[in-house]
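Heads up, the thing below is written out as structure tokens.
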Amino acid sequence: MKYTLSVIVENHSGVLSKISGLFSRRAFNIDSLAVGVTSNPAISRITIVANGDEYVVEQLEKQLNKLIPVIKVKRLEEGEYVSRELVLIKVGCSSQKRDEILRVAQVVSAKVADVANTSITLEYSDTNDRIDTLVNLLKPYGIKEIVRTGTVAIEKGHGEAYHSGYNDKK
Amino acid sequence: MISGADIMIKCLEAEGVDTVFGYPGAAICPFYDSLYKSNIKHILVRMEQSAVHAANGYSRCSNKVGVCVATSGPGATNMITGIATAYSDSIPVICITGQVKRELLGRDVFQEADITGACEPFVKHSYLVNDTKDLPKVFREAFHIATTGRMGPVLIDIPQDVQEECIESFEYPDKVDIVGYKPNYRGHKMQIKRAVELIKKSERPIIVAGGGVLSSGSKLKLVQFAETTGIPVISTLMGIGVMPSEHMRYLGMLGTHGKKYANRALQESDLVIVCGARLGDRAVARPDQVSKTSKIIHIDIDPAEIGKNVKTTVPIVGDMKNVIEKLIEEIGDYHIPHEWCETYREWKEKLYREPPVKEGFVEPRSLVAKLSFMMKSKGILVADVGQNQIWCANNFRIREGRFLTTGGMGTMGYSVPAAMGAKLARPTRDVVAVCGDGSFQMNLTELGTIMQNNINIKIIVMRNNRLGMVRELQANQYGNRYSATILDDPDFKKIAEAYGIKSAEVNSNAEAEAVAEKMFQTKEPFILICNVHPDTPSI
Ligand SMILES: Cc1ncc(C[n+]2csc(CCOP(=O)(O)OP(=O)(O)O)c2C)c(N)n1
Ligand SMILES: [Mg+2]
């Protein structure tokens, strides 16, 4: 089972190593981790997608909570959040195949980030699953490189994983 | 203007620190220079690991926090075993290390070690101080974090130039506010109600008490709870001392090296109330078995402990003292079924065996029992690791005193430095360190510290010329192939003499007791070497 956790942390050096150290130390398997600063520059938000049973994820939440710079851990419930991932895919292509690749890109509305004589780089942002689909579609053309950001997620509607005080400050 | 080093001293003073344990070096020299001018007492240990163990013993026996200091690089890395030991036993300790100058960080210069990185798995929290102005806040937070919630070691790594730099003024913050750290002290009302209902429904409840009961200062509350309800108490290794050993409701230590009747009572119980214990594999080998046959109430200040090793019916997160108080209130004058009380008391009497004596040797288990009554009733016994530890755990008759050992990490060499710390914290109490001939030699150099400061601790060395506990394992599980467990011991009396410490070597309990009697009357350290037969079992 896959779980998505939103982890709100103090934004200073060393926090990330504390968190990643915890994963290897306690043998937690994670699929992806994405970090970025929030509307409050002193606070970062980490989105973690983890794999495991209820026991593992509960332990993961509790152990994360024990880290002093971790302010809040929230498990995002299935169906109640939107998630996106960004991918850059470099496909090797001769000029004859370029049109075909561009058509695939058009079908899924992927953007062209770079074109060169022998390659084309597509930029695409969607859910993790749909990115997998695009990758599969492009495989036959010869993928040279893929870079993925890992999933970021936010709750639907009014839900707030953390009240960052952004509006209070203004 | 005030220097970072002077600020460090002022912070320690503001926290009420009057003793620190440490070992100097270049990167911590500015601090040592300020220390020289202050009234804080410094105990120069002989190895940095001992500084942490001594601070650990000091914390456990006082209501203050033990503080230890080391230089950068090797000084800091020598501390790691001590830090890991304190962490695994949840003991508050403040570790201060010098670090290379800020501009040199990350360049692999002389005596640079990434100590905050290296200690990450073993500290409750750590700081690498980048700005002299941050020192007061860092110290205030460090002491707060170390001593609240589930306690543990906090490391403060301070570059040499941060210690040297002068800033305008010093002000110690009187409040701490750490957004991500708010331990929960009050147990949930509903859960306490549910727990009491479970207790009232059960026929054979039992309490398993761990180190959390001691560190939260709730042992008297626990005794009261056991007395009014009649629920028997067994303890983990770290929980020894939660009740007087002879108390009618106390059944001793559980686990692989515990008392038969304690384990029997646990097996036959239908409700286990776990108080401040993590139930590691040495305490309960198969926690899943326990939760199959019994319901479980788990009380702990650390939410991550609950459900980690054993499935829980009713979890209660909170401070032990507060939770037990609430349980006592809620349960009123309820008493558990008398049949169960009779059953467990009968086991305690019937399953007890006097250990057999081997001619020409000291019987360590009987000796420890005797020593308990030779020490004053508030005496502190520090057991090392190995068979000697188990002999102490099962036979020390604790009254109002303390029993210290490392149950989590099981670090050989703990007893002597921890006993030094205990004695400095409680100068009027009898403090005894019991160790094996292997473990004694692990921190043997501390005899130098004991000599220099005339620290009045009594060291009992159980000399079996073996790494006894490992040898026992080899006898039971490796077909008597005694690989690397035979020790050729030196003449410990000569070593003692070299340090100017009085000693005696004995071969029978009568001799040992006669020497011990006199030893407790003197105000100086003493080493009692007891020759023990190598085949003496742990239990
Ligand atoms: C630092 C360290 N190294 C190794 C061990 C493994 N170990 C556990 S008990 C033991 C033997 C201890 O021998 P001794 O101190 O003589 O005590 P005895 O068992 O003989 O009473 C060893 C080697 C340990 N616990 N700690
Ligand atoms: Mg030995």
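Remember, predicted model here, so these are calculated numbers, not experimental data. Each chain gets a letter, A, B and so on, in the order the sequences are listed, and its residues count up from 1.
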TODO: Heavy-atom distances under 4.5 Å only: say whether B:Ser126 touches chain A with side chain, backbone, both or neither.
DONE: both

Open item on the list: Non-hydrogen contacts under 4.5 angstrom with chain A: give the residues of residues 307-321 of chain B involved, or none if there are none.
Closed with: B:Gly307, B:Lys308

- [ ] Identify the residues of residues 129-152 of chain B whose heavy atoms come closer than 4.5 Å to a heavy atom of chain A, ordered by number, or report 'none'.
- [x] B:Ile145, B:Arg150

Open item on the list: Quick one: does any side-chain atom of A:Gln63 pair with a main-chain N or O of B:Ala304 as donor and acceptor, under 3.5 Å?
Closed with: no

Task: Neighbour count >12 (heavy atoms, 6.0 Å) for atom CZ, A:Arg25 - done: yes

Open item on the list: Are there over 12 heavy-atom neighbours, none belonging to A:Arg130, within less than 6.0 Å of that residue's CZ?
Closed with: no

Task: Neighbour count >12 (heavy atoms, 6.0 Å) for atom CG, B:Asp174 - done: no

Task: Interatomic spacing from NZ in B:Lys182 to CG in A:Asn65 - rounded to 0.5 Å - done: 13.0 Å

Task: Residues, nucleotides or ligands: over 12 heavy atoms within 6.0 Å of B:Arg282 CZ - done: no

Task: Inter-residue atom distance B:Asp302.CG - A:Lys62.NZ, 0.5 Å rounding - done: 8.5 Å

Open item on the list: Atom CG of residue position A:Asp53 - does it have more than 12 heavy atoms of other residues, nucleotides or ligands inside 6.0 Å?
Closed with: yes

- [ ] Answer with side chain, backbone, both or neither: which region of A:Lys18 has an atom nearer than 4.5 Å to a non-hydrogen atom of chain B?
- [x] both

Task: Within-4.5 Å side-chain heavy-atom neighbours: A:Lys66 and B:Pro303 - done: no

- [ ] Give a yes or no on whether A:Glu78 atom CD has more than 12 heavy-atom contacts from other residues, nucleotides or ligands under 6.0 Å away.
- [x] no

TODO: Calculate, to the nearest 0.5 Å, the distance between atoms OH and CD belonging to B:Tyr181 and A:Glu10 respectively.
DONE: 14.0 Å

- [ ] Answer yes or no: does atom CD1 of A:Ile154 have more than 12 heavy-atom neighbours from other residues, nucleotides or ligands under 6.0 Å?
- [x] no

TODO: Measure distances from A:Glu61 to the heavy atoms of chain B and classify the residue's part below 4.5 Å as side chain, backbone, both or neither.
DONE: neither

